[in-house]
Structure formats: C-alpha cells, structure tokens
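These notes are about the structure you will find just below.
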Protein chains: 2
Amino acid sequence: MTMTTHRPFSQVLDRLRSAGLRPTRQRLALAKLLFDGCDRHITAEQLHGEALTGNIRVSLATIYNSLHQFTDAGLLREIVVDAGRSYFDTNMSEHHHYFFESTGRLEDIPPGLVTLGPLPAPPEGTTIRGVDVIVRLAG
Amino acid sequence: MTMTTHRPFSQVLDRLRSAGLRPTRQRLALAKLLFDGCDRHITAEQLHGEALTGNIRVSLATIYNSLHQFTDAGLLREIVVDAGRSYFDTNMSEHHHYFFESTGRLEDIPPGLVTLGPLPAPPEGTTIRGVDVIVRLAG
DNA sequence: GTGATTGCAAATCTTTTGCACTAAA
DNA sequence: TTTAGTGCAAAAGATTTGCAATCAC
C-alpha cells in the first residue's frame, strides 16, 4: 500500500536477474544502495563504508567483484579521474563530468552544457566502447 | 657544425630553467628523453626503463618527482585512463585521445576528428584546469 | 657553504587473487 | 547436488614518503 520514493525491491531484483547476475544477498543489498533513488558517483571504499553502516556485512573483495560485474552488465559506468581511484557512476545516460581537483569530488555536468561533435569512425578493426569527457576544475 | 633533428641540448636546458627547475643531471637526461623529437605517451615505468637502457642511472622515485614537476611546470600533461596507471603526454597542444583497451595503448586523435563545443562557465569559485576527452576503443 | 635534489627502502593505497566455505538454483 | 558467489588474508601494482647523501649554485 505504501508507495515509497525508492525503487521497489522487485525492480532491483529483476534488474540483477535480467543482467544474468544471481541475486545474492550481497548483490541485492549493494544494488539497493546504488540504485535507490538518485544518481551517484561512488568509490569501492565508500560503498563498503555505506554497506557496513547499513549493517550489511560484505567484504571489500565482494564490493569490487560486484562493482565490476554491474559495470560489465551495463548497470554502472566506471570513471577514472586520478591514478589509483575509480568512481562508479549509476547514471548510464550520456553525460559528462566535472572533477573538483581540490576535493576529489566528481559531479555530472548538467546536460547540454558541453557538446561533443559526431564521433569519428574508430580506427580499423576497433569499436568505440565509450567516450569520457572530464572537465577538471581547480579552486 | 652538425645539425641534428634532435632538440639541441641548450633548448632542453633553457626549458628547465624557464620552468624554474634546476637543471640537474637527471632532469636534463629525462627531459632529453621526453622532449627529443616526436610526441610521446609514456608511463613512469616506461621512462625508467628507457633511462636505464640509455645508461642513465635514475631512481623510480626521481622519475615520479620529475614527471610531476614537469607536469606542474606545464611541460607535460598527465592522462589517466585506468585505475592505477598514469600516462604523461609530451604534446601540450589541445588534443584528445584514443585508448585501446586491449593493448593499453594511448594515442592522439588526429586534430579535427573530435570537436568539442565551447566550454561551460565553470561552477562558482572554480576555474577550468583542462578538459580530457578519451575515446575508449575495444577490439 | 647552503638549500635543492636524489636515491633507497619502506610505507601506503587501491585493486586483484587463491582457495576454502557458503548459498542459490 | 552442483555451481556460482563470498570472505579472508595475502599478493600485486603504482605511487609516495622519510631521511641521509649528493649536487647545483
């Protein structure tokens, strides 16, 4: 009867199922943290912290496994901004990022602010997997 | 009397001087490897290898120090493509990159193939340090 | 001389791996 | 049952740091 603003449980479950991922307790819990509501830019360490805070016992290895499985399944996008740290973005629509160098924060650039011309034909024998546009900010 | 195709020694020296970097033996040697002729995309490890091959004894710590000092001085541009590896690009003109995921190779995109619209005004209190555009290729 | 720079080795940090254990189907 | 998934602890990399020795000026 209650209609929450959160994504219903079954939707998360279906999402995993249709990605071919067995909906284990850990994956369900992580998927709920990740896909529950607003878009997020999160590191493995941060997600681990949130899981522990939420009394979900998950090892860091499983966090990494899950993040990569979600990424391979097209549920997440991995964004690399500095050597030695990956962010995972739950917003799968085409968009670009601000990176605040002073704080290490990653943020979506509002749609339309940055426009990219048509992509070139990829070099012989390759396909374009994606395009990352990162606007680095100081101050 | 001989006119080589290589950047003359004094130019490398001046380049360090005007960047405010004391031209030590190591920095001169590294600068010659980096700025001698064509544009390069190189990792710290690769540069270290080249230095040792060329009988230049430099520690990896100094390689990292120098690469960052050169970057801060505007002689190099750091490009991050995957978590845990930085490339340093000697081409400081505005350009974008192909990243070949299968080989880990980074390559300039020929000028004009990718066009970026005008940059947005940076968020309040920040300045744009640079924009990275990376086209990720598979195959 | 004096302060900047270097080398070395150890430390740090993120991410991956191997393998026994557990749980989903 | 059977196979995929998980946890743990150790390993693997890349990068950084602390400090004594060395070098440019």
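As a basis for the values below, the full set of heavy atoms in this structure was taken, side chains included, without hydrogen atoms, waters or symmetry mates. Proteins come first, then strands; the chains are lettered A, B, ... in the order of their sequence lines, and each starts at number 1.
Summarising the geometry, the separation between CG on B/L28 and P on D/dC23 is reported as 15 Å, rounded to the nearest angstrom. Regarding B/Q69, its CD atom lies at a distance of 12 Å from the P atom of D/dT16, rounded to whole Å. Taking atom CZ of A/R57 as the reference point, atom P of C/dA23 lies 10 Å away to the nearest angstrom. In this structure, CG of A/L30 is placed 14 Å from C1' of D/dG7, rounded to the nearest angstrom. We find that CG of B/L47 is positioned 15 Å from P of D/dA14, with the value rounded to whole Å. Spacing between atom CG of A/L21 and atom C1' of D/dT6 amounts to 14 Å, rounded to whole angstrom units. Rounded to an integer number of Å, the gap from CG of B/D72 to P of C/dT5 is 13 Å.
A ring-ring contact (aromatic ring centres under 6.0 Å, His included) check over residues 73-92 of chain A, counting only residues at least two apart or in different chains, returns the pairs A/H68-A/F88. Each salt bridge (charged side-chain N to carboxylate O under 4.0 Å, His left out) pair with one or both residues in residues 54-70 of chain B, not counting sequence neighbours, would appear here, but there are none. Applying the side chain to side chain donor-acceptor pair (under 3.5 Å) test to residues at least two apart or on different chains, the pairs with a partner in residues 115-139 of chain A are A/R77-A/D132, A/R129-B/E101, A/D132-B/R136, A/R136-B/D132. Applying the salt bridge (charged side-chain N to carboxylate O under 4.0 Å, His left out) test to every pair with at least one member in residues 39-51 of chain A, sequence neighbours left out, gives these pairs: A/R40-A/E50. Residue pairs meeting the salt bridge (charged side-chain N to carboxylate O under 4.0 Å, His left out) criterion with at least one member in residues 102-114 of chain B, sequence neighbours excluded: B/R105-B/E107.
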Between protein and nucleic acid, restricted to nucleotides 1-4 of chain C and to nitrogen or oxygen atoms under 3.5 Å apart, what atom pairs and distances do you find?
residue	atom	partner	partner atom	Å
C/dG3	N2	B/R22	NH1	3.2
C/dA4	O4'	B/R22	NH2	3.3

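B/L75 is not listed as a side-chain neighbour of B/L34, based on a closest heavy-atom distance of 4.5 Å or more.
Listed by chain and residue number, nothing satisfies the side-chain hydrogen bond (donor to acceptor under 3.5 Å, both in side chains) test with A/Q26 (two or more places apart in sequence, or in another chain). In terms of the side-chain hydrogen bond (donor to acceptor under 3.5 Å, both in side chains) criterion, A/R22 has no residue partners (sequence neighbours excluded).
Applying the 4.5 Å side-chain rule to ILVMFWY residues, one finds A/F100, A/I109, A/L113, A/V114, A/L116, A/L119, A/I128, A/V131, A/V133, A/V135, A/L137, B/Y98, B/F100, B/I109, B/L113, B/V114, B/L116, B/L119, B/I128, B/V131, B/V133, B/V135, B/L137 in the same cluster as A/Y98. The other residues sharing a hydrophobic cluster with A/V80 are B/V80, where clustering joins ILVMFWY side chains under 4.5 Å apart.
For the pair B/R25 and C/dG7, the criterion of a side-chain N or O lying under 4.0 Å from OP1 or OP2 is not met. Within the 4.0 Å cut-off from OP1 or OP2 of D/dT6, not a single side-chain nitrogen or oxygen of A/T62 is found. Between B/Q26 and C/dG7, a side-chain N or O to OP1/OP2 separation shorter than 4.0 Å is present.
Of all the heavy atoms in A/L13 and A/L28, the pair that sits closest is CA-CD2, 4.0 Å.
Note on the helix from C/dG1-D/dC25 to C/dA25-D/dT1: terminal axis deviation equals 30°, with five pairs used at each end and the result rounded to 10°.
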Going 5' to 3' through nucleotides 13-20 of chain C, assign each nucleotide B (protein heavy atom under 4.0 Å from a base atom), S (under 4.0 Å only from sugar-phosphate atoms) or - (no protein heavy atom that close). -SBBB---
